[in-house]
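A quick write-up on the structure given underneath.
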Amino acid sequence: MDKNEQGSEAKVERLNFIEQEIEKDFQLPKLQGKTLATRFPPEPNGYLHIGHAKSICLNFGLAKKYGGTCNLRFDDTNPSKEEQEYVDSIQEDVRWLGFEWDALWYASDYFDQLYEWALQLIRDGKAYVCDLTPAETRDYRGTLTAPGKESPYRNRSVAENLDLFERMRAGEFPDGSRTLRAKIDMAAPNMNLRDPVMYRVLRAHHHRTGDKWCIYPMYDWAHGQSDSIEGITHSICTLEFEDHRPLYNWFCENLGIWHPRQIEFARLNLSYTVMSKRKLLQLVQEKHVSGWDDPRMPTISGFRRRGYTPESIRNFCDRIGVAKFYSTIDVGVLEGCLREHLNVVANRVMAVLNPLKVVLTNYPEEQVEMMEAINNPEDPQAGTRQLPFSRELYIEQEDFMEDAPRKFFRLKPGGEVRLRYGYIIQCQEVVKDPSSGEVIEVHCTYDPQTRSGMQVDRKVKGTIHWVSAQHAKDVEVRLYDRLFLSENPEEAGEGKSFIDNMNPDSLTVIHAKVEPSLVELPAGTRVQFERNGYFCIDSVDSQPGQPVFNRIVTLRDSWAKLQAKGQAD
RNA sequence: UGCCCGAUAGUGUAAUUGGCAACACGACAGAUUCUGACUCUGUUAUUCUAGGUUCAAGUCCUAGUCGGGCAGCCA
């Protein structure tokens with residue numbers, strides 16, 4: 001085999017840096033005979049968004065690729081912010097994305113074990129009960145450049161710590177009055193190691209453990225230990241936890257338990273989008289959107305309702321890669337993945353968004369012909385359907401211009417255009433509203449020798465879509481556009497916030513004329529309105545026989561681009 | 001004036017770990033088209049800076065620049 005042959009055949013599999021580390025790790029004695037074990041660990045305090053999708057695809061994808069396992073674990077250590085509603089939505093979203101967890105756990109499943117381990121650290125002289133107030137604790141911690149001071153309670157006896165900690169659990173002390181802290185190093189350059197808090201006293205009803213506990217573990221104390229209990233081999237998280245890794249390691253080592261390896265990657269940023277749960281919550285609470293599943297939201301549920309496919313989101317996550325560099329992906333990449341998939345799976349249909357009446361003056365008054373239309377040129381299996389054609393039609397207002405530039409290949413006075421699956425027509429007369437001058441009707445003649453499928457001698461540059469006026473149905477269509485006008489919505493001017501960067505026209509509701517078959521389609525159906533874009537029947541607001549269409553994404557439009565550049569002439 | 005991390009075409013990600021810098025998307029030009037869609041062809045452009053080691057550096061060393069993270073009893 002020569003070099004060229006080898007080069008064209010060998011599909012070089014490119015590993016991202018996490019895969020490389022994993023493959024290296026499995027050479028180690030520690031992992032001999034084991035399989036990869038990952039987990040997706042969301043906090044149930046909000047809905048999942050596209051950034052989570054990256055993490056989900058990574059963790060579940062890795063498990064699939066290496067024949068390992070991936071658990072879903074709710075990081076529910078802060079009952080004041082967490083709710084069952086979020087637990088339910090997260091499970092639904094993970095499944096919708098196409099993944100199934102090997103085991104479902106909650107950090108709260110481990111509260112008893114965590115408590116036992118805390119006792120162990122106390123007995124080993126590695127943890128102590130601290131009576132400092134929150135403000136004092138902050139004060140004692142020092143700053144980024146100055147070391148902290150040791151707490152006056154740092155050297156309590158083991159017996160006293162044991163007694164106090166048990167009484168913390170028993171509810172003898174008010175909220176916030178005491179903490180259990182790991183005894184590490186108040187002068188550590190890494191702030192996380194300055195005697196981090198392990199437990200706080202907090203009386204809040206927990207969605208799963210109810211009122212059993214009045215002390216709750218902190219993230220650092222709960223997360224790594226939960227990973228350890230589950231036998232996780234690789235704990236993959238985002239970059240902001242990089243500084244926590246030494247603490248993650250410290251707990252595992254000092255407890256002498258299974259020690260997973262934490263690896264961090266850069267979270268996803270998308271242009272024209274906000275991604276923090278806090279900001280998304282604000283959009284919902286202040287009613288800038290209709291809810292977490294508003295089709296403009298970058299949440300999984302929002303995308304689902306909008307009409308995105310799980311395949312396109314998975315493909316997107318694959319395409320953007322994974323690294324440690326903090327980057328922003330152009331939202332156009334996501335839209336590109338969407339179009340790529342929808343192009344293959346969505347049936348084509350006729351729908352006129354902004355109708356303009358066309359009368360074919362030489363077409364018989366009562367005649368109706370059925371025209372055969374291809375459902376999906378990308379998929380022969382999708383078959384064909386019959387479209388009614390008659391004397392009065394609607395076309396798109398955009399497809400007619402009285403004073404058209406040279407490159408306008410659509411209908412203009414005296415000009416010819418093909419009606420998709422119909423005839424070639426020629427524009428004879430323009431009817432205007434005498435008062436406003438607005439074009440209200442266009443009169444054309446049709447050429448009976450040009451019916452779709454016939455051999456036609458002449459070339460017509462443009463083809464436009466249409467619906468038969470008497471057969472068309474009126475439906476509500478929601479035209480969605482990006483929620484924010486600026487590429488980075490977080491960058492707001494002095495005294496402003498990301499809310500000020502919202503796009504006032506992110507939703508336009510119109511009524512469109514569509515071919516009759518559309519009113520019978522079930523909610524969730526995705527179709528392509530030819531020459532317009534992809535649309536999905538809204539699963540919340542549609543009624544039987546009365547679908548509401550959400551615009552998922554427009555088609556690429558090189559004509560619009562030409563116009564924008566002023567090159568249409 | 002601390003600690004940690006990062007920097008490769010416009011964007012994002014690779015480079016057999018020291019051996020000819022590549023892939024995807026975009027942009028641009030063209031072909032095709034009963035969707036100005038899809039598809040196809042072609043073009044474009046890349047190693048943060050300065051030194052050093054080496055036959056050879058995106059990769060190793062030194063110094064710098066720029067960007068990000070960290071001072072919750074949040075995760």
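In what follows, chains are A, B, ... by sequence order, proteins preceding strands, each numbered from 1. If you're wondering where the values come from, they're calculated on a predicted model, not measured in any experiment.
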By salt bridge (Lys or Arg N to Asp or Glu O under 4.0 Å) - contacts of A/Asp195 (at least two apart): A/Arg154
Can you list every side-chain hydrogen bond (donor to acceptor under 3.5 Å, both in side chains) pair that touches residues 166-175 of chain A, not counting sequence neighbours? A/Asp163-A/Arg167, A/Arg167-A/Glu172, A/Asp175-A/Arg203
Each nucleotide in nucleotides 68-75 of chain B should get exactly one letter: B, S or -. Can you fill that in based on protein heavy atoms under 4.0 Å? -BBBSBBB
Does CH2 in A/Trp105 sit with more than 12 non-hydrogen atoms of other residues, nucleotides or ligands closer than 6.0 Å? no
Please table the atom pairs, donor to acceptor, closer than 3.5 Å between any side-chain atom in residues 313-321 of chain A and protein atoms at least two apart or in another chain.
| from | atom 1 | to | atom 2 | distance (Å) |
| --- | --- | --- | --- | --- |
| A/Arg314 | NE | A/Leu97 | O | 2.7 |
| A/Asn315 | OD1 | A/Arg319 | NH2 | 3.2 |
| A/Arg319 | NH2 | A/Glu340 | OE1 | 3.0 |
| A/Arg319 | NH2 | A/Glu340 | OE2 | 3.2 |

So what does A/Ser271 touch, heavy atoms closer than 4.0 Å: a base, only the sugar-phosphate, or nothing? nothing
Using a 3.5 Å cut-off on both pairing distances, which stems of three or more Watson-Crick or G-U pairs include RNA chain B? B:2-7 with B:65-70, B:10-13 with B:22-25, B:27-31 with B:39-43, B:48-52 with B:60-64
Sort and list the pairs that fulfil salt bridge (Lys or Arg N to Asp or Glu O under 4.0 Å) and have at least one residue in residues 180-189 of chain A, not counting sequence neighbours. none
Mind listing the N/O atom pairs, protein and nucleotides 15-18 of chain B, below 3.5 Å?
| from | atom 1 | to | atom 2 | distance (Å) |
| --- | --- | --- | --- | --- |
| B/rA15 | OP1 | A/Gln20 | NE2 | 2.9 |
| B/rU17 | O4 | A/Gln20 | OE1 | 3.0 |

Give the rounded distance in Å between these two atoms: CD1 of A/Ile320 and C1' of B/rC23. 16 Å
Sequence neighbours excluded, which residues qualify as salt bridge (Lys or Arg N to Asp or Glu O under 4.0 Å) partners of A/Arg39? A/Asp227
Check whether any side-chain heavy atom of A/Gln282 sits under 4.5 Å from a side-chain heavy atom of A/Gln285, and report yes or no. no
So the side-chain hydrogen bond (donor to acceptor under 3.5 Å, both in side chains) pairs with at least one residue in residues 370-385 of chain A (sequence neighbours excluded) are A/Arg348-A/Asn376, A/Glu372-A/Thr384, A/Asn375-A/Arg385, A/Arg385-A/Glu515
Listed by chain and number, what are the salt bridge (Lys or Arg N to Asp or Glu O under 4.0 Å) partners of A/Lys149, not counting sequence neighbours? none
Treat primed atoms plus P, OP1 and OP2 as sugar-phosphate and everything else as base, then score nucleotides 24-37 of chain B 5' to 3': B for base contact with protein heavy atoms under 4.0 Å, S for sugar-phosphate contact only, - for none. S-SSS-----BBBS
With A/Leu193 via side chain to side chain contact (heavy atoms under 4.5 Å, CB included) - residues at least two apart: A/Ile184, A/Ala188, A/Asn190, A/Pro246, A/Leu247
Charged N to carboxylate O below 4.0 Å: is that the case for A/Glu490 and A/Lys279? yes
Is the ring pair A/Tyr115/A/Tyr199 parallel, tilted or perpendicular, if the boundaries are 30 and 60 degrees? perpendicular
